[in-house]
Amino acid sequence: SSVSRTYPTQEWSLHSFDMGRPLGKGKFGRVYMVRTKAAPKYILALKTLYKSELVKNKVEKQTRREIEIQQNLRHTNVLRLYGFFHDEKRIFLMLEFAAQGELYKQLSKHGCFSERRSARYIDQMTDALIYLHGKHVIHRDIKPENLLLGMNGELKIGDFGWSVHAPGLRRMTLCGTLDYLPPEMVEGKEHNEKVDYWALGVLTYEFMIGAPPFEDRRSVNNTYARIAKVDLKFPPTISSDAKDLISKLLVYDPKQRLPLKDVLRHPWIVKYRPKAAAPDGA
Ligand SMILES: CC(C)NC(=O)[C@H]1CCC[C@H]1Nc1nc(Nc2ccc(C(=O)N(C)C3CCN(C)CC3)cc2)ncc1C(F)(F)F
C-alpha cells in the first residue's frame, strides 16, 4: 500500500550517523556528507527539509510525492533515495552521495562543455528518461541545477521535486527558470512525458552553448514568446549533427518530438559513445 512506501524507515535517526562536511544548501535546508556509525560505514548525503519551510511554500504534498517517487527508482543515472526519517522540525532524506558534485557548477566554471562531453551526458540523460517514462514518471524539471556527478563523472538526476505520474496538469505557479518550459506548459495546456523530450533538447543546447536557446535576460515575457514561436537560433560553432538532434527535440508539437530510443541511435550520440572495453584477452 502507499502508506508503507511513505512510512518513515523506522530504524534511522540522526544518531545513526557521524556528521561530515556541509555540501551546500538545498531548497529547504542544508545538505551534509555523513557516514553511518554502524558497519558497513556508508557515506551518504543527508538532505534536511524544514517542515516549516515546506508548509510556508505549500509543498508538503509535492515533497511526499517526490519521496515516494524517488524511493522506488533504481537506475545508475538517478540519484538513489535510500530512506528518510524526521524529528519535530525537520525531515531528513538519506540520499546517494555524488562524489563529483553539482554539474551546473562545472558548466558555469567551463562556460560550456565540449561536444563529446555534452553528448555523453545527453546519452546518460536519455537512458534515465527512458527508465522514468517506463515507470510513467515525468520529471518536468530537467535543468543543469538538478544534475549531479558521480565518482566517475557519471550523470545523476538529483531532484524530483516537480516529477509526477503521467499525464500531469501543473496546478502550482512555476518558480525558477522558464527557459526549460515547453510551449504546452507555457500555454497551460495538459502535458505528458513529451515535456521531458523538449527539456532534453534545451539541456543539449545549454551544455554546448552555455545558455538556454530561448533565454531573454531582459524580459520573461519575451522568453515565453520565443518558446511559443520555437525561435531557435544556432551559433556557427555547433556541428550539424548536434543541430540536427536539437532541432528534432525542440519541436512545437509534442507528438513530433524525436522518440528517446531514436535519440540513443542518433549519429551525434553514437559518435561520442565510449567504446565498450575489449573483453579480456581480446
Ligand atoms: C540535485 C540537487 C538540486 N542539488 C543538491 O541537492 C545540492 C545542494 C547542496 C549539495 C547538492 N546535493 C548533493 N550533493 C552531493 N555531492 C556533492 C555536492 C557538492 C560538492 C562540492 O563541490 N563541494 C562540497 C565543493 C568542494 C569545494 N569547495 C570549494 C566548494 C564546495 C561535492 C559533492 N551529493 C548528493 C547530494 C544530494 F542531492 F543528495 F543532496
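Index from 1, following the sequence. These values consider heavy atoms only, across backbone and side chains, with no hydrogens, waters or symmetry-generated copies. Owing to the predicted nature of the structure, the values given are computational and were not obtained by experimental measurement. Start at 1 and go down the list; that is how both ligands and their atoms are numbered.
Ligand 1 places these atoms under 4.0 Å from at least one heavy atom of Leu79: 37 (C), 38 (F), 39 (F). Heavy-atom contacts of Leu95 reach the following atoms of ligand 1: 39 (F), 40 (F) (cutoff under 4.0 Å). For ligand 1 and Ala98, the ligand atoms under 4.0 Å from any heavy atom of the residue are 15 (C), 16 (N), 17 (C), 33 (C), 34 (N), 35 (C). Near Glu145, meaning under 4.0 Å from one of its heavy atoms, ligand 1 places the atoms 3 (C). Those atoms of ligand 1 with a heavy atom of Leu148 less than 4.0 angstrom away are 1 (C), 13 (C), 35 (C), 36 (C), 38 (F). Shown in contact with Lys25 at under 4.0 Å from a heavy atom are these atoms of ligand 1, numbered in order with element: 8 (C), 9 (C).
Here's the thing with Lys47: one of its N/O atoms is less than 3.5 angstrom from an N/O atom of ligand 1. Any N or O atom pair closer than 3.5 Å counts here, and Leu23 shares no such pair with ligand 1.
A side-chain donor-acceptor contact under 3.5 Å links His266 and Asp244. Counting only N and O atoms by type, the side chains of Glu154 and Thr76 include no donor and acceptor under 3.5 Å apart.
Under a 4.0 Å heavy-atom criterion, Arg21 is in contact with ligand 1. For Lys156, the heavy-atom gap to ligand 1 stays at 4.0 angstrom or more.
At a distance under 4.0 Å, a protein heavy atom can be found next to atom 34 (N) of ligand 1.
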Practice problem: Determine, step by step, whether Asp262 and Lys248 satisfy the side-chain contact (heavy atoms from CB on, under 4.5 Å) criterion, reporting the C-alpha distance in whole Å, the side-chain angles of both residues, the deciding distance to 0.1 Å, and the verdict. | Solution: CA-CA 10 Å; Asp262 296 330; Lys248 287 174 177 167; over 6 Å; no
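At a heavy-atom distance under 4.0 Å, no atom of Met33 approaches ligand 1.
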